[in-house]
Peer 1: 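Okay, here's the structure, questions in a sec.
Nothing fancy with the numbering, it's 1 onward along the sequence. Remember, it's 1-based here, ligands and their atoms both numbered in the order they're listed. Please read all numbers here as calculations on a predicted model, not as lab measurements.
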Amino acid sequence: MRRLLLLAALAAVACGTRAPKEETMAQLRERVFANAQVQAVYMDSLLTVMAGPDRPSRCPRNFQDGKLVTSDIDWWCSGFYPGVLWQIYGETADTLFRQLAVKHTLPLAELLNHKTDHDIGFQLMSSFGRWFVIDFFDPREEDVLPPLEIKGILEKGAAALASRFLPTAGVIRSWDHGKWNFPVIIDNMMNLELLMDFGDREVAEKHALTTMKNHFREDGTCYHLVNYADDGTVLGKQTVQGFADESAWARGQAWALYGYAMMALKEKEAGNMDLADTFYGVATKLEDWLLPRLPEDGVPFWDFSQTDYRDASAGAIIAGGLLKLRQYRGAKDDGKGLRAAERILRTLASPEYLAEPRTNGGFLLKHSVGHLPNKSEVDVPLTYADYYFLEALTLYPYAE
Ligand code: GLY
């Protein structure tokens, strides 16, 4: 039966990734998830061939020169492929994807025995966090890990993240490497979700408030990195992965938009309307800057000052952030962000970005940029582009 379902998915995408004329967003979601099923199984088969006793737990990283490039579990992206598998399981309830998701999530528990950094939020929330929320805990399925154990792993990860908080500065340290005294990158806003759901919410709130004060420019955009002295004095503001210190690195803006929209929603759910409004204010100011600056097809260039390479990952994350802001506004939403998110998703689901089945190393999307100034991962598929693309498709309000 399972094979039949997968064959049906393959048949559905066999004619390529072309959208039918006048495709509705619901049809688009169905088409993309059918493609995702084929790609995810294909990627697992490539990983299985590559694995060996001396190379356990390889995680997909990108696809370059016709080859799947992998990482170990310490790489910040190790949770995203398991997260893709959990999202497919959440969408299809096909237990093949539960098995694959469990298989690729379990090795990440070992992270708790490693030296971790702020990326523990990305790594655990996309894998175990998804497991905790999406798994149906079907009594017919064997509980590989009871929910309480999954929760325990997430709580331990949250404690490791909180241990990086410096109270005198009011922020969580991002990196342990490099020339900085106490570097904080805007990406760290995304890791706060682990603390909000499984750890010390006050630490997350303080980090978001300090970042709001020091990372943002007058126009609403943000710097990539702020370096702090131990007493919280700002020593410098700069970029690492963007074009220039004063330019707007697209994924940095995407992390900020999504991160503050996520924080606003969490505070609203908890009834903390003062903080909710404060975080919502940061996200909407950035949204106002972003919307008129997105290219016509919605997918940004890797830096807003550049016009060479597009970054599908930034597009997918921005779409998710816009949809979260729409959720926050509810009935008061004016539809501007929603229309931009739809534009981005339609472009990402077009043949220009969406890979043909069983190509692209099993990644869904082409054309992302990892770290251009380092000449690393330029115009390649990346796991987080796929993860946030699928997530945005599940956040989209299809009834409207
Ligand atoms: N968090 C690293 C990046 O966005 O490239």
Peer 1: Return the residue, atom name and 0.1 Å-rounded distance of the protein heavy atom closest to atom 5 (O) of ligand 1.
Peer 2: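 The closest heavy atom on the protein side is Arg251 NH2, 2.6 Å.
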Peer 1: What about Trp255: any of its N or O atoms under 3.5 Å from an N or O on ligand 1?
Peer 2: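 Yes, there is a polar N/O contact under 3.5 Å.
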Peer 1: Check this for me, if you would: do Glu193 and Lys324 make a salt bridge, where the nitrogen-to-carboxylate-oxygen distance has to be below 4.0 angstrom?
Peer 2: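 Result for this pair is no, no salt bridge flagged.
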Peer 1: Considering only heavy atoms, does Gln241 approach ligand 1 within less than 4.0 Å through its side chain, its backbone, both, or neither?
Peer 2: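 It is the side chain that gets close, since no backbone atom is under 4.0 Å.
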Peer 1: Hey, what's the ring geometry for Tyr81 with His104, parallel, tilted or perpendicular (30° and 60° as the breaks)?
Peer 2: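 Geometry flag for His104 against Tyr81: perpendicular rings.
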Peer 1: Using a strict cut-off of 4.0 Å, indicate which atoms of ligand 1 neighbour a heavy atom of Asp187.
Peer 2: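 Once the distances to Asp187 are compared, the set is 1 (N), 2 (C), 3 (C), 4 (O).
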Peer 1: Got a salt bridge between Lys336 and Asp334, using NZ or NE/NH1/NH2 to carboxylate O under 4.0 Å?
Peer 2: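 Looking at Asp334 together with Lys336, the answer is yes, because their closest N to O distance falls below 4.0 Å.
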Peer 1: With a 4.5 Å cut-off on side-chain heavy atoms, are Tyr398 and Thr24 touching?
Peer 2: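 Side-chain contact under 4.5 Å: no.
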